[in-house]
Trainee: 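Below you'll find the structure I mean.
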Amino acid sequence: MEEKSLNFIEEIIEADLKAGKYKTIVTRFPPEPNGYLHMGHATAICLNFGLTKKYGGYTNLRFDDTNPVTEETEYVESIKEDVRWLGFEWKNELYASDYFDTLYEFAVKLINKGLAYVDDSSAEVMAKEKGTPTEPGVENKFRNRSIAENLQLFEEMKAGKFLDGGRVLRAKIDMAHVNMLMRDPVMYRIKHAHHHRTGDTWCIYPLYDFAHGQSDSIEEITHSICTLEFVPHRELYDWYIEKLEIFPSKQYEFARRNLSYTVMSKRKLLQLVNEKHVDGWDDPRMPTISAFRRRGYTPESIRDFCDRVGIAKRDNVADLSLLEFCVREDLNKKALRRMVVVEPMRVVITNYNYVSNGNDDNDFELLDIEETADTDKLQTTNYKPQTRQVPFSKELYIEQEDFMENPPKKFFRLFPGGMVRLKGAYIIKCDEVVKDNAGNVTELRCSYLPESHSGHDTSGVKVKGTIHWVSISHAATAELRLYERLFKVEDPQSEEGDFKEYINPHSLQTITAYMEPSLKDAQPNTPYQFIRKGYFCLDKDSTKEKLVFNRTVTLKDSFKPTQPT
RNA sequence: UGUCCCAUAGUAUAAAGGUAGUACGACAGAUUUUGAUUCUGUUUGUCGAGGUUCGAAUCCUCGUGGGACAACCA
């Protein structure tokens, strides 16, 4: 029995359940449909859905759409797609705007209780009257309007009698409260704007504080989980629920999740898109869920990451390397292995004269090479790894960096007079180095050991290195997009000056690669490992004529060339 | 010069007043037809000062440091 430790929210839930406070728990994921979901949302999604998965009950997807000027249906669709892709299914798809009628009635109820009033002041005046965190605010003359007058004016606000900003409905609490949010917060404002769902039905809209808790309550959310910046709102949240005498949802706050080498605020991400530092919200360098998907990260790896990081209440910047670990761990099990040469070095096998069917034009052989490396499956009996056929011929490309004319001490690859194995094929020996007039190596002339054929090697030769290769005449080409971290520093937002000064200028490198021909049939949403190069996936920009691959993540590389002394 | 939240290895997160643990990272080694994977080992921590207690990461006080709060945004 492994005892998994609980986070503080799980402890609260277990205590509530044990005390019989709730029969079952209900949570919600409440995004505002005004942008794309990012890693921070992924944390919230995994938390909310994970909790009801663990303890029973269910989770609603609720769009917090109380501000018509920023919200669009396009975002609703992308949010739903992202949540589903992450592997979660909501019980009910709901909208704060579904509750506009109820919310209006709630407001009327508070007016009738003498707990809300219509204020004619301008925003500037109200701000001034509100005071500061260290000075109390002051009450104005509108605060003591009669209930009847408030009822009348609020109805006229709803009827569209006033211009935007002309009047607001405020809760009547305490203008001297230490919590600024309790100094008669605005409940409703006038906005003659088209709403993505209710159209032009309304010209008054509730603010977050007069919508969120009430929506939670209507849905009988037991545990309303949000981030720490809402801590001061909790008092107001509870106040509305108490005065309205409705279901007592409870709010709990955890620390926002930050990720190293990126930024997470919607405003900053928007800047990156608008100012073309990236190619869009789903640019694979972005920390958005759609970018992760395009880049080849898997839902499993993101969920695993959220699990491993956990949640708490202190400020944090989670390590990108942990996310990458999770991605590699998942992809290692799933990815099909392929050989791709990125920076080619020509190799001629001088003694290779394979002739199939006696036809001189077919100067190659097809080798069967394993295409998976699933260590779990390899241990089960009866498991025969799938193979694909790879053409081997007299003229090959290997990676430039796999040859060194003057190798350092522990160099396992090719050098003059040295031997390596070509993955899945033969051992070759470098006999001659051909150079151009400038002294650059242009070609390696090698000989192969025919009896060293992969899988039934009788040569008795042991080599330390194995390198990948492609047959030049059979190679397909593709564009490879190699990504690095978007920022040069761990926490761009905490650095001096504009965060954009810290953008990594090398975050995208585009190169042409030579690939084994099976990759011409590469499928989208299929992870590949280009052996020794990293994990890749087909990009949405890819066409039959021009293949485009994204590097999801590199392989871990512990090779360190010994320092030239 | 206010109120609130927070403080555990490099990072993240556990330890319900009783052995400070786990993961990632880093480092070292073994295995390896990917210098990958896998396996083994090493390394580093309770912000500070008092107090309560047989015993404090945990409770209390005072500091220190970080964060939030003065939108008709969410």
Side-chain angles (χ1 to χ4, degrees), chain A residues 4-7 11 30-32 34 64-67 69-71 119 121-123 126-128 130-137 164-170 177-181 183 185-191 204-205 207-209 211-212 226 228-235 253 255 257 260 266 305 308-326 328-329 332-333 337 339 369-370 373-375 378 410-413 420-425 427 452 454-455 457 463-468 490 494 529-534 554-560:
Chain A
K4 187 95 163 41
S5 58
L6 305 177
N7 63 48
E11 279 179 10
E32 182 186 13
N34 71 345
D64 234 334
D65 54 350
T66 57
N67 188 357
V69 299
T70 58
E71 294 149 6
D119 192 327
S121 311
S122 68
M126 274 180 51
K128 201 167 283 174
K130 201 157 198 172
T132 70
T134 54
E135 301 162 289
D164 287 9
R167 283 179 166 80
V168 292
L169 182 73
R170 291 228 248 173
H177 201 108
V178 287
N179 183 349
M180 296 286 291
L181 279 157
R183 324 247 259 229
V186 176
M187 296 162 58
Y188 268 92
R189 80 290 216 183
I190 299 170
K191 268 183 201 282
I204 57 171
Y205 293 93
L207 272 89
Y208 168 84
D209 287 302
H212 199 99
C226 61
L228 240 29
E229 63 268 29
F230 290 97
V231 167
H233 294 253
R234 188 175 60 228
E235 200 171 8
E253 312 87 8
R257 168 77 49 237
S260 60
K266 214 173 263 184
F305 173 73
R308 285 171 185 264
V309 171
I311 58 143
K313 295 178 85 156
R314 63 166 164 165
D315 297 341
N316 61 82
V317 182
D319 241 322
L320 184 64
S321 60
L322 178 59
L323 212 209
E324 293 181 336
F325 167 84
C326 294
R328 289 191 187 104
E329 188 179 57
N332 179 48
K333 291 182 278 190
R337 312 291 134 135
M339 292 197 288
I369 304 183
E370 293 178 7
D374 190 325
T375 41
L378 281 173
K410 283 192 175 168
F411 188 73
F412 301 162
R413 310 173 195 174
V420 282
R421 171 170 294 280
L422 297 176
K423 173 78 180 173
I427 292 173
S452 66
S454 184
D457 184 345
V463 290
K464 198 82 166 131
T466 300
I467 64 175
H468 61 280
E490 267 191 42
S494 74
Q529 185 197 96
F530 295 175
I531 288 175
R532 305 206 299 139
K533 287 280 135 192
T554 60
L555 257 32
K556 195 173 161 187
D557 184 9
S558 59
F559 173 57
K560 290 179 195 68

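Source: prediction; values computed, not measured. Each chain gets a letter, A, B and so on, in the order the sequences are listed, and its residues count up from 1.
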Trainee: Choose from B:rC73, B:rG2, B:rC24 the nucleotide whose nearest atom is closest to any side-chain atom of A:F325.
Mentor: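 Closest nucleotide among those given: B:rC24.
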
Trainee: Nearest to the side chain of A:H233, heavy atoms from C-beta on, is which of B:rG35, B:rA74, B:rC4?
Mentor: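 Of the options given, the side chain of A:H233 lies nearest B:rA74.
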
Trainee: Rounded to the Å, how far apart are A:E32 CD and B:rA74 P?
Mentor: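 So the two atoms are 6 Å apart, to the nearest Å.
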
Trainee: From CG of A:N316 over to C1' of B:rA12, roughly how many Å is that when rounded to an integer?
Mentor: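 Result: 7 Å.
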
Trainee: B:rC72 and B:rG67: how far apart are their P atoms, nearest whole angstrom?
Mentor: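 To the nearest whole Å, 25 Å.
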
Trainee: Can you figure out which of B:rU13, B:rG25, B:rC73 approaches the side chain of A:R257 most closely?
Mentor: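 Nucleotide nearest to A:R257's side chain: B:rU13.
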
Trainee: With a distance cut-off below 6.0 Å to the six-membered ring centre and an angular limit of 45° from the axis, does A:R532 pair with A:F559 as a cation-pi contact?
Mentor: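 Verdict for A:F559: no cation-pi partner in A:R532.
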
Trainee: Within this structure, what is the CD-to-P distance between A:E229 and B:rA71, rounded to whole angstrom?
Mentor: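 Taking atom P of B:rA71 as the reference, CD of A:E229 is at 16 Å.
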
Trainee: Do A:F530 and A:H468 have ring centroids that are under 6.0 Å from one another?
Mentor: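 Ring-ring flag for A:H468/A:F530: false, centres at least 6.0 Å apart.
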
Trainee: Donor-acceptor pair under 3.5 Å: do we get one between A:R532's side chain and the base of B:rG35?
Mentor: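 Looking at the base of B:rG35, it does not pair with any donor or acceptor on the side chain of A:R532 (distance under 3.5 Å).
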
Trainee: Select from A:S454 and A:S122 the residue whose nearest nucleotide in RNA chain B is closer to the 5' end of that strand.
Mentor: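 Result of the comparison: A:S454.
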
Trainee: Side chain of A:T132 only, please: which of B:rG35, B:rA70, B:rC73 is the nearest?
Mentor: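 Taking heavy atoms from C-beta onward, the closest nucleotide is B:rA70.
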
Trainee: Rounded off to whole Å, could you give me the CD-to-C1' distance for the A:E253 and B:rG67 pair?
Mentor: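 Going from CD in A:E253 over to C1' in B:rG67 covers 14 Å.
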
Trainee: Which listed nucleotide (B:rA70, B:rG2, B:rA74) is nearest to the side chain of A:T134?
Mentor: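 From the listed options, B:rG2 comes nearest.
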
Trainee: To the nearest Å, give me how far apart CD (A:E329) and P (B:rA36) are.
Mentor: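 Value for this atom pair: 16 Å.
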
Trainee: Do A:Q529 and B:rU34 have a side chain to base donor-acceptor pair shorter than 3.5 Å?
Mentor: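 Yes, a donor-acceptor pair under 3.5 Å.
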
Trainee: When you compare the side chains of A:E71 and A:N34, does any donor N or O come within less than 3.5 Å of an acceptor on the partner?
Mentor: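 No donor-acceptor contact under 3.5 Å links the two side chains.
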
